[in-house]
2 protein chains.
Amino acid sequence: MSEPGLACCTPLSGTAMSAEQAEQVAPLLKALADPVRLRLVSLIASSASGEACVCDLNDAFDLTQATISHHLKVLHSAGILDRDKRGVWVYYAVRPAALTAVATLFSTAVPA
Amino acid sequence: MSEPGLACCTPLSGTAMSAEQAEQVAPLLKALADPVRLRLVSLIASSASGEACVCDLNDAFDLTQATISHHLKVLHSAGILDRDKRGVWVYYAVRPAALTAVATLFSTAVPA
DNA sequence: ACAGGACATCGACGGACGTCGATGTGTGAA
DNA sequence: TTCACACATCGACGTCCGTCGATGTCCTGT
């Protein structure tokens, strides 16, 4: 780490994101930072009923059912998807609060 | 992959995100899906002049200068940060288009 | 009770990621 | 020219991630 001998530029004024806040938001972004999971969320969100069962999601990808189940588990654990077992089938729905949280984060981050 | 023998639910109507679009947006989110990089962007964005030099950013973390330089390179390669070498020091600035792209992505993804 | 289907879990594999110490590169001052 | 400094790059290490095949669990007909 460099010593604070001389000031070369502005001292980063204003209230930036705290370390705790960053550690809290990063997992949410990490869950979305995957092409497959991004398409999964998009597919579910663009569905007419706002939800989708795993059987349809499986057919939309050239991936194993185990892999899709894994991705859905990641999205569910991150609080992005709601899980609802109805009989034999399992329906996933997008939790709007999670996505709007990300949207507001980046819309308020840049004041321009 | 399951055979489309019987329709169990809605066929995922509406225009969802394409595979190419997902492959294009995912790296941008992956670059932001890290607590350190999130704080870096936040620090630069909340700076009074809208930019920050690496020397100040180094002091804000308990990490090696090599690690900070690596994170800045990732953010720069993803098109999130602009790099401007001015004499001995290097200044990084947030590219607003990248952040607003993410914001609009998630604000339009959920129609509610 | 039994069989079959829908989905989750497990264990394993290859590759990518975050971090570090060491070294390289370019700039300004003495 | 020589030195010190700011920053980038390199090589290496441990860990996490995406994907798979195999297996387990739960539900529903028959």
Side-chain angles (χ1 to χ4, degrees), chain A residues 1-9 19 22-23 26-41 44 51-78 81-93, chain B residues 1-9 19 22-23 26-41 44 51-78 81-93:
Chain A
M1 311 308 164
S2 63
E3 298 288 329
L6 43 90
C8 66
C9 45
E23 299 274 355
L28 212 154
L29 288 174
K30 186 166 283 190
L32 291 166
D34 184 275
V36 176
R37 290 199 284 267
L38 222 45
R39 288 182 60 199
L40 280 171
V41 172
I44 299 172
E51 60 183 6
C53 85
V54 185
C55 58
D56 281 346
L57 298 174
N58 274 330
D59 296 350
F61 297 88
D62 282 337
L63 291 172
T64 310
Q65 174 263 330
T67 302
I68 299 296
S69 186
H70 163 68
H71 284 308
L72 290 171
K73 180 189 179 72
V74 171
L75 289 168
H76 176 61
S77 299
L81 257 45
D82 271 332
R83 187 178 180 277
D84 180 31
K85 179 161 189 173
R86 228 174 290 161
V88 189
W89 299 298
V90 174
Y91 290 77
Y92 281 94
Chain B
M1 308 308 163
S2 62
E3 298 288 329
L6 44 89
C8 68
C9 44
E23 299 273 356
L28 212 155
L29 288 174
K30 185 166 284 189
L32 291 166
D34 184 275
V36 175
R37 291 199 284 266
L38 222 46
R39 286 182 61 199
L40 280 171
V41 173
I44 299 172
E51 59 184 7
C53 86
V54 186
C55 60
D56 281 345
L57 298 173
N58 273 329
D59 296 349
F61 298 88
D62 282 338
L63 292 171
T64 310
Q65 175 261 331
T67 301
I68 298 296
S69 186
H70 163 70
H71 285 309
L72 290 171
K73 180 190 180 71
V74 171
L75 289 168
H76 176 60
S77 300
L81 257 45
D82 271 332
R83 187 176 180 276
D84 179 30
K85 179 161 189 174
R86 227 175 291 162
V88 189
W89 300 298
V90 174
Y91 291 77
Y92 281 93

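Letters A, B, ... are given to chains in the order of the sequence lines, protein chains preceding strands, and every chain is numbered from 1.
If you check every strand for non-hydrogen atoms under 4.0 Å, B:H71 touches sugar and phosphate atoms only. When heavy atoms are screened at a 4.0 angstrom cut-off, A:R83 is found touching the sugar-phosphate backbone but no base atom. Among the heavy atoms of the strands, none lies under 4.0 Å from A:R86.
Here the SG-CG distance, from A:C53 to A:D84, works out to 11.5 Å after rounding to the nearest 0.5 Å. Rounded to the nearest 0.5 angstrom, B:I68 CD1 and B:D56 CG are separated by 12.0 Å.
Side chain of B:V36, nearest nucleotide from D:dA6, C:dT19, C:dT9: C:dT19. Taking every side-chain heavy atom of B:K85 into account, C:dG26 is the closest of C:dC7, C:dG26, C:dT9. The side chain of A:D34 approaches D:dG18 more closely than any other nucleotide in the set D:dC20, D:dG18, C:dC7. Which of D:dG18, C:dC7, C:dC17 sits closest to the side chain of A:C55 comes down to C:dC7. The nucleotide whose nearest atom lies closest to any side-chain atom of B:H70 is, among D:dA8, C:dG26, C:dT19, C:dT19. Taking the side chain of B:V88 as heavy atoms from C-beta on, and the options C:dG18, D:dC5, D:dA8, the nearest nucleotide is D:dC5.
In this structure the side chain of B:E51 never reaches within 4.5 angstrom of the side chain of B:Y92, judged on heavy atoms. Under the 4.5 Å side-chain criterion, counting only non-hydrogen atoms from C-beta, A:R39 is in contact with A:F61. Contact of the B:I44 side chain with the B:L57 side chain is registered, since non-hydrogen atoms from C-beta on lie closer than 4.5 Å. Counting heavy atoms from C-beta outward, B:L29 and A:L38 have side chains that approach closer than 4.5 Å.
Straight-line distance from the CG atom of B:D56 to the P atom of D:dC7: 9 Å, rounded to whole Å. Following rounding to the nearest Å, B:H76 (NE2) and D:dC7 (C1') show an atom-to-atom distance of 14 Å. In this structure, the CG atom of A:D62 is 16 Å from the C1' atom of D:dG18, given to the nearest Å. The nearest whole Å value for the distance from the CG atom in A:L81 to the P atom in C:dC7 is 14 Å. Separating the CZ atom of A:F61 from the C1' atom of C:dC7 is a distance of 17 Å, rounded to the nearest angstrom. In this structure, the CG atom of A:L29 is 20 Å from the P atom of D:dC16, given to the nearest Å. Taking atom CG of B:L63 as the reference point, atom P of D:dC7 lies 16 Å away to the nearest angstrom. One interatomic measurement links the two molecules: CG of B:L72 to P of D:dA6, which rounds to 16 Å at whole-angstrom precision.
Taking only side-chain nitrogens and oxygens, B:T64 comes nearer than 4.0 Å to OP1 or OP2 of C:dG21. OP1 or OP2 of D:dC20 has at least one side-chain nitrogen or oxygen of A:T67 nearer than 4.0 Å. Of the side-chain N and O atoms in B:Y92, none sit less than 4.0 angstrom from OP1 or OP2 of D:dA6.
At a cut-off of 3.5 angstrom, the base of D:dA8 holds at least one donor-acceptor pair with the side chain of B:Q65.
Nucleotides of DNA chain D nearest to A:A66 and B:I68 differ in position, and the one nearer the 5' end is that of B:I68.
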